[in-house]
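Residue numbers start from 1 in every chain, and the chains themselves are labelled A, B, ... in the order their sequence lines are given, proteins ahead of strands. All heavy atoms count here, side chains included; hydrogens, waters and symmetry mates do not.
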Amino acid sequence: MNTDNSTTRLDFIRAIVAEDTKTKKWDARVVTRFPPEPNGYLHIGHAKSICLNFGIAAENKGGLCNLRFDDTNPTKEEGEYVEAIKEDVRWLGFDWADRLYFGSDYFEQMYECAVGLIKAGKAYVCDLDPEQMREYRGTLTKPGKNCPYRDRSVDENLDLFERMRAGEFEQGFRVLRAKIDMASGNLNMRDPVMYRILHAEHHRTGDKWCIYPTYDWAHGLEDSIEKITHSICTLEFENHRPLYDWFLDELDVYHPQQIEFARLNLSYTVMSKRKLQQLVQDGLVSGWDDPRMPSICGLRRRGYTPGSIRNFCKRIGINKFNSTVDIALLEHCLRGDLNKTSPRVMAVLRPLKVIIDNYPQDQVEELEAVNNPEDASAGTRKVPFSRELYIEQEDFMAEPPKKFYRLAPGREVRLRYAYFITCTDVVKDAGGQIIELHCTYDPATRGGDAPDGRKVKSTLHWVSAAHALEAEARLYDHLFSKENPDDVAEGEDFKSNLNPNSLQKLSSCRVEPSLGQAKPGQRYQFERLGYFCVDTDSSEGKLIFNRTVTLRDTWAKIQKAQKKKR
RNA sequence: UGGGGAAUAGUGUAACGGUAGCACGACUGACUCUGAAUCAGUUAGUCCAGGUCCGAAUCCUGGUUCCCCAACCA
């Protein structure tokens, strides 16, 4: 039974693609591309675009999606980002096969095209400096005016452009502009710059070039050269579409269709490259791969699965208006995936010692535990049980409030896969802090069931004190404490909304011995606590776990509600 | 009198002139050796005002609100 009707309900972009395929607009070809600029790391907003572009290609017979680096600005871009981006796209589960391209590979062709445009009288070399150009451009409400260089002869333009390429001029002096319309209501059409002089080393072309194409000039050409059918980009490029079309029309070359969709916004986090960069630079997070970051590498380190991110991207839809998706949906997708695949294990985050007074002093039993109730093939494992154990501090209350049905004085609970125990005594230190519990166990309940059929209200996780491994756990919460981090008081910025409790490190956790071999990246469910994965900082001698996401926690909600009442 | 986009439950999205549906969240309840998962249910919506029509989220008119654009960034 498949009630997933997402395949029959097409978003507006897929609808366009389907229609074009039907009418054979592009000879029934479907070719998309994901065109990152290698000047930073990918984040989950990029994942939306990646899933869209690679997804559309995969859903259509013979469809292709290229990975193309839009590397037209050597002052901002670096080769190191290229590898990181490739790794992230691959990790997300997409394959560009042999179609890895770079805008810089087309520089020569672009140059030839520009020469053609000059010859056609559609482009000219302009000597205005940036400030003058701004003045000539006009404003949103006032038309611009033609610059004095607009009517240079074709020969003069050709000569100057050639000399720009030859490196005769200083950086910032002289640009090549398209001759369109200085009075256009669309500022992008007011004779946009096509080439600027940049005496900078390019990560791929080295010092071969000192003029570089701007986005508007380069992007459509890149799409055209690669015979892209649907050039999908974000909303802010809508104003650029007339220019995209103008260039390709004037050049009279293959002309893809540009389609714009809305970026992803997520509650409790920021998505702009600039802001994320700032968090890294200011040391407010440990790096781009800090598990609290919405970057792909951050999510990966946190323990997110590629499948959960893909599923999320499928469910948020595609539209043309700004919206903010509740991060709870991302977490829902994550839990859904992790629940099916994560081996269960017992770990105690904040240990409280329990002594089973009537359990033989040096006896150890190996009790059988289920690895994954969602997956019978995951099998079972043995967990050691002994007289001294640790349970979770919050699983005991000396004076239990209503609806607390874990351990309390005189109360009987089950230790998972082990025995029923009853609390007989509470030991406190001088300061009144509970330091250990004394309990008795019922030998007849071995394995966790009472032969007389009596029930207990709750089941606790535990570890054997002598056998447990010490570990560190890093508990994460939302990076920002406000749903919209940009919602700030006058004079403040988004950083003032950082959640001071977004990271909590617990260094004296105890985990069951089966975790001794755990390798970085491996994911587990710590029963009753959440999903955890081994951090890259972890080593054989020092286990470190990241809490990927908590389990849904009804008790926490009840507590919250009770607190509110008071 | 700049130009371009867009408005559907708290959130995200369907419905393309014919019963406003789905998911997340929240709230009930069932089940439970994870207060998890699972299952059942409740909650709540067409930006506003007119108009066309037997019938409007959808078409028309006029408003309102929000987003993008004045880099030699992408």
Side-chain angles (χ1 to χ4, degrees), chain A residues 3-6 9 11 15 35-37 39 70 72-73 75-77 126 128-130 133-134 137-144 171-177 183-190 192-198 211-212 214-216 218-219 233-242 260 262 267 273 315-333 335-336 339-340 344 346 369-370 373-374 403-406 414-418 420 445 447-449 455-461 483 525-530 550-558:
Chain A
T3 53
D4 181 4
N5 39 24
S6 58
R9 284 174 180 166
D11 58 66
E37 183 190 11
N39 71 342
D70 205 356
T72 58
N73 187 347
T75 64
K76 287 188 169 180
E77 297 149 7
C126 175
L128 254 32
D129 66 37
M133 199 177 291
R134 199 179 316 129
R137 186 162 35 231
T139 67
L140 290 176
T141 51
K142 266 191 244 125
Q171 180 151 324
F173 181 58
R174 290 204 161 118
V175 295
L176 183 73
R177 301 175 72 178
S184 172
N186 181 344
L187 274 63
N188 294 127
M189 301 299 271
R190 319 244 261 229
V193 171
M194 295 166 61
Y195 276 96
R196 70 280 213 198
I197 297 171
L198 255 25
I211 56 171
Y212 290 91
T214 55
Y215 168 85
D216 287 305
H219 204 88
C233 59
T234 42
L235 246 32
E236 67 272 24
F237 292 104
E238 213 156 15
N239 295 327
H240 294 246
R241 178 156 28 98
E260 310 85 14
S267 58
K273 224 179 246 182
R315 297 175 64 155
I316 54 178
I318 301 293
N319 57 42
K320 291 202 62 150
F321 52 92
N322 299 305
S323 58
T324 301
V325 178
D326 192 339
I327 198 162
L329 180 61
L330 213 212
E331 293 174 343
H332 169 81
C333 294
R335 290 190 184 104
N339 177 46
K340 294 275 183 294
R344 316 286 132 124
M346 290 198 284
V370 174
E374 303 285 330
K403 290 194 181 164
F404 179 90
Y405 46 84
R406 276 111 101 141
R414 170 169 41 233
L415 293 180
R416 180 142 231 228
Y417 302 123
F420 284 12
T445 58
D449 281 306
K455 301 286 183 202
V456 286
K457 275 291 250 185
S458 80
T459 301
L460 310 185
H461 60 275
E483 206 171 303
Q525 184 197 96
F526 287 3
E527 294 217 33
R528 303 207 305 132
L529 297 173
T550 61
L551 252 27
R552 284 189 69 225
D553 191 346
T554 306
W555 168 238
K557 278 183 205 164
I558 294 169

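A straight line from CG of A/L140 to P of B/G3 spans 11 Å, rounded to a whole angstrom. In this structure, the CZ atom of A/F237 is 10 Å from the P atom of B/C69, given to the nearest Å. Spacing between atom CG of A/N188 and atom C1' of B/C72 amounts to 14 Å, rounded to whole angstrom units. Distance, A/E260 CD to B/C67 C1': 14 Å, rounded to whole Å. In this structure, CD of A/E483 is placed 18 Å from P of B/C24, rounded to the nearest angstrom. Distance A/M189 CE to B/A70 C1': 16 Å, rounded to the nearest Å. In this entry the distance linking CZ of A/R406 with P of B/A36 reads 11 Å, nearest Å.
Side-chain proximity of A/R344 to the nucleotides B/U34, B/A14, B/G35 is greatest for B/U34. Listed nucleotides: B/U34, B/G35, B/A23. Nearest to the side chain of A/I558: B/G35. Among B/C72, B/G12, B/U34, the nucleotide with an atom closest to any side-chain atom of A/V325 is B/G12. Each of B/C72, B/A23, B/C27 was ranked by its minimum atom distance to the side chain of A/L329; first place goes to B/A23. With B/G35, B/C73, B/G10 as the candidates, the nucleotide lying closest to the side chain of A/E37 is B/C73. When the nucleotides B/C24, B/U34, B/A26 are ranked by their closest atom to the side chain of A/R552, B/A26 comes out on top. Nearest to the side-chain atoms of A/R196 among the listed nucleotides B/C72, B/G35, B/G12 stands B/C72. Across B/G4, B/A74, B/G35, the shortest atom-to-atom separation from the side chain of A/D553 is found for B/G35. Of the candidates B/A70, B/C24, B/G35, the closest approach to any side-chain atom of A/A328 belongs to B/C24. Of the candidate nucleotides B/U34, B/A71, B/G25, B/U34 has the atom lying nearest to any side-chain atom of A/E527.
A donor-acceptor contact under 3.5 angstrom links the side-chain atoms of A/N239 to the base of B/C68.
As judged by a 4.0 angstrom heavy-atom cut-off over every strand, A/Y417 is placed among the base-contacting residues. Across all strands, A/P373 comes closer than 4.0 Å to base atoms (heavy-atom distances). In this structure, A/I316 reaches the sugar-phosphate backbone alone: every heavy-atom distance under 4.0 Å involves primed, P, OP1 or OP2 atoms, never a base. Among the protein residues, A/R134 comes within range of the sugar-phosphate backbone only, with heavy atoms under 4.0 Å from sugar or phosphate atoms but none that close to a base. Here A/V193 lies in heavy-atom contact (under 4.0 Å) with sugar-phosphate atoms only. Within the 4.0 angstrom heavy-atom criterion, no nucleotide atom of any strand lies near A/F526. Here A/T141 lies in heavy-atom contact (under 4.0 Å) with a base. Looking at heavy-atom distances under 4.0 Å, A/L460 makes no contact with the nucleic acid at all. Using a 4.0 Å heavy-atom cutoff across all strands shown, A/K403 reaches at least one base atom of the nucleic acid. Counting any heavy atom pair closer than 4.0 Å across all strands shown, A/Q171 reaches no nucleic acid atom. Residue contacts shown for A/D216 are absent, as no nucleic acid heavy atom lies under 4.0 Å away. Within 4.0 Å (heavy atoms only), A/H240 reaches at least one base atom of the nucleic acid. No contact: A/Y195 has no heavy atom under 4.0 Å from any strand. The residue A/R335 sits apart from the nucleic acid: no heavy atom pair falls under 4.0 Å.
Between A/L529 and A/K76, the residue whose closest nucleotide on RNA chain B is further toward the 5' end is A/L529. In this structure, A/R528 and A/Y215 both approach RNA chain B, and ranking their closest nucleotides by distance from the 5' end singles out A/R528.
Atom name P, nucleotides B/U65 and B/A49: the rounded distance is 16 Å, in whole Å. Spacing of P atoms, B/U46 relative to B/U8, comes out at 11 Å, to the nearest Å. Comparing the C1' positions of B/A15 and B/A9 gives an interatomic distance of 15 Å, to the nearest angstrom. Rounded to whole Å, the C1' atom of B/A7 lies 14 Å from the corresponding atom of B/G12. Comparing the C1' positions of B/G21 and B/A44 gives an interatomic distance of 14 Å, to the nearest angstrom. Only the P atoms considered, B/A57 is 8 Å distant from B/A20, to the nearest whole Å. Comparing the C1' positions of B/A6 and B/C48 gives a spacing of 16 Å, expressed to the nearest Å. With both ends at atom C1', the span from B/C53 to B/G17 equals 9 Å, rounded to whole Å.
Note that CG of A/L551 is 8.0 Å distant from CG of A/N339, once rounded to the nearest 0.5 Å. Here OG1 of A/T214 is found 7.5 Å from CE of A/M194. Values are rounded to the nearest 0.5 Å.
Within a 6.0 Å sphere centred on NZ of A/K457, other residues, nucleotides and ligands contribute 12 heavy atoms or fewer.
Between A/K76 and A/E37, no side-chain nitrogen of the basic residue sits less than 4.0 Å from a carboxylate oxygen of the acidic one, so the salt-bridge criterion is not met.
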Encoded 5' to 3' (Watson-Crick or G-U under 3.5 Å; [ ] crossing; | other strand), RNA chain B becomes .((((((..((((....[..))))((((((.......))))))...(((((..]....))))))))))).....
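Residues meeting the salt bridge (charged side-chain N to carboxylate O under 4.0 Å, His left out) test with A/E527, sequence neighbours left out: A/R416. In this structure A/A328 satisfies the side-chain contact (heavy atoms from CB on, under 4.5 Å) test together with A/D326, sequence neighbours excluded. The salt bridge (charged side-chain N to carboxylate O under 4.0 Å, His left out) check on A/R177 picks up nothing, with sequence neighbours excluded.
Between B/A74 and A/T72, a contact under 4.0 Å exists linking OP1 or OP2 to a side-chain N or O. The shortest distance between the side-chain N/O atoms of A/T554 and the OP1/OP2 oxygens of B/A36 is below 4.0 Å. Regarding contacts with the backbone of B/G3, every side-chain N or O of A/R190 stays at 4.0 angstrom or more from both OP1 and OP2. Not one side-chain nitrogen or oxygen of A/R177 sits closer than 4.0 Å to the OP1 or OP2 atom of B/A71. Between B/A26 and A/K557, a contact under 4.0 Å exists linking OP1 or OP2 to a side-chain N or O.
Distance alone, capped at 3.5 Å, places no donor-acceptor pair between the A/R344 side chain and the A/P373 backbone. Remark: side-chain polar atoms of A/T550 are not paired, donor with acceptor, to backbone N or O of A/G530 under 3.5 angstrom.
Base orientation of B/A71: syn, the glycosidic angle falling within 90° of 0.
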Would you tabulate the nitrogen or oxygen pairs shorter than 3.5 Å linking the protein to nucleotides 5-9 of chain B?
residue	atom	partner	partner atom	Å
B/G5	O2'	A/E238	OE1	3.2

Are there any protein N/O atoms within less than 3.5 Å of an N/O atom in nucleotides 38-47 of chain B, and if so, which ones and at what distance?
none

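When all heavy atoms of A/M189 and A/S184 are compared, the closest pair comes out as CB-OG, 3.5 Å.
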